[in-house]
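Below: one structure, written as structure tokens.
Note that the structure is predicted; figures quoted are calculated from it, not measured.
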Amino acid sequence: MKILVAEDSTTVRGLVSARLSADGYDVVEAEDGEEAVALARSQAPDLIVLDKMMPKLDGFEVVRRLREDQATAEIPIIMLTDRTGEEDVLQGLDLGVEDYMPKPFSPLELSARIKRALQRAQDA
Amino acid sequence: MRQALEPTVLVMAGMVVVMLLAILVGRTVRDERRRRDLALRPGLEQAVGAYLVDERSEPPPPPGSRAARRVLLAIGIEGLTELRGEERARLTRLLEETGIITATAKQLHSRRRLTRRLAAQALAQIESPEAVDALVKGLSDRDLDVRAACALALAELGDPRHVHGLTRTIVEVAESRPGAVAEVLLAIGSTDPGSLALVLEATDSPRIRRLVTAVAGALRLMEYAPAIRHELSSDDGELAAAAAQAAGSVGDLLALDSLIVLARDKARPEHVRAAAATALGRLGDERAVPTLEALLCSDRWILQRVAAHALGTLGPRGEDVLRRTDSPHAVIALSR
């Protein structure tokens with residue numbers, strides 16, 4: 001299973017990638033929103049972990065563009081966000097975000113949510 | 001005249017050249033440091049990541065250079081602000097085992113004020129008991145910002161043994177660094193709420209009492225409701241306003257009568273009465289309706305606005321009043 005991790009902090013990206021690699025996933029990394037969209041189209045990941053605040057394109061814009069493209073419209077997305085105000089959550093759900101994780105977050109918990117999201121996608 | 005000017009011009013030209021050289025050298029040193037740090041970073045991030053995900057793995061060896069220590073500390077702080085849970089705890093242990101925390105704590109003794117300040121701020125992020133001794137000494141630093149940063153670091157650790165030392169520092173820096181004091185109090189309130197009472201006992205400072213009251217309200221610490229109620233009758237308008245806000249935040253219905261008195265008291269400044277009216281709206285008790293109706297009909301714009309908003313949250317009785325009133329604020333409140 002391939003996971004795309006889109007996060008501009010090299011430290012956080014590295015930590016998440018290390019956790020997911022240890023769990024047996026193939027990990028592809030993007031450091032900004034534009035790269036995230038390009039890699040989602042070229043690499044066809046099974047799931048995307050997406051930071052909300054990124055340079056070039058923010059997380060919501062990335063989701064919008066991926067949902068408009070048939071090739072990437074169905075990829076489950078888990079968004080990492082530094083706040084979980086109701087408006088943010090509703091906007092994300094409206095756009096088709098599968099799940100939210102507020103920061104600070106636990107990579108272990110993220111891994112469990114990824115597993116659940118992939119299971120749901122397979123069952124669907 | 002010309003001959004007299006020539007040496008002066010030469011000296012000034014020389015000073016400018018020296019300044020430019022100093023700027024150039026400084027920039028080159030900084031660029032070189034940045035280049036070294038960027039080169040070290042990927043390897044250290046990988047090593048840290050591998051250590052965090054595998055409980056059986058050995059920690060990376062202690063960094064062998066100042067640059068490696070600097071990069072590892074930066075990685076550690078970035079990770080600590082983004083993570084929680086088991087990985088965060090392992091990251092703190094890693095920083096302890098590689099000597100980073102000890103090295104950072106030593107920087108609290110640096111002669112350079114900026115170094116001490118940055119060290120204290122870093123230790124506040126790390127929250128490690130290893131740094132406690134250095135942080136306690138830092139409470140007596142000659143620089144206010146270093147003292148405030150050390151106080152915050154100790155407050156984040158949540159050990160009630162340090163509250164007296166913290167309180168002394170809070171009192172010393174409160175006038176010039178109220179924002180820093182608010183941060184420290186928030187940290188105390190979050191990690192050890194009971195200690196806020198110790199802070200209140202230790203000082204009569206109105207500014208600190210205001211901040212403690214505001215923090216108790218922001219954190220919704222119901223155990224401070226009696227203390228908050230007491231401050232509603234304070235002659236200090238700012239303290240009474242902070243208490244009103246806090247009473248509304250914690251939802252203290254026992255404060256209802258005092259808030260009604262405060263809202264009606266024409267001798268009080270407007271913002272104090274407005275804070276009381278807002279709190280009455282938050283409490284949601286219809287007994288506040290007559291008072292809020294009186295404020296809605298007053299000739300003070302801010303009181304009308306706040307009262308209308310509060311009435312809009314008080315159910316059918318509140319809405320009735322709004323409908324009967326010919327006020328733009330009432331129209332807006334009803335439309336929400």
- Does B:His329 NE2 have over 12 foreign heavy atoms under 6.0 Å away? yes
- Query: Near B:Gln245 CD, under 6.0 Å, is it more than 12 heavy atoms from other residues, nucleotides or ligands?
  - Reply: no
- Derivation of the side chain to side chain donor-acceptor pair (under 3.5 Å) call for A:Thr11 and B:Arg41: CA-CA 9 Å; A:Thr11 301; B:Arg41 195 158 179 131; 2.8 Å; yes
- Message: Quick one, B:Arg84 and A:Glu109 - any side-chain contact, counting heavy atoms below 4.5 Å?
- Response: yes
- Item | Residues B:Glu87, A:Arg19: salt bridge by 4.0 Å N-O rule | yes
- Query: Would the number of heavy atoms belonging to other residues, nucleotides or ligands and lying under 6.0 Å from CD of A:Gln43 be above 12?
  - Reply: yes
- Message: Could you measure the distance from the CG atom of B:Leu38 to the OG1 atom of A:Thr10? Nearest 0.5 Å is fine.
- Response: 9.0 Å
- In this structure, are over 12 heavy atoms from other groups packed under 6.0 Å from A:Arg64 atom CZ? yes
- Task: Could you tell me which of A:Pro104, A:Ser21, A:Gly14, A:Ala18 has the largest number of non-hydrogen atom pairs under 4.5 Å with chain B?
- Result: A:Pro104
- Query: Does B:Gln46 CD have over 12 foreign heavy atoms under 6.0 Å away?
  - Reply: no
- Query: Using a distance-only test with no angle check, is there a side-chain donor-acceptor pair under 3.5 angstrom linking A:Ser9 and B:Glu82?
  - Reply: no
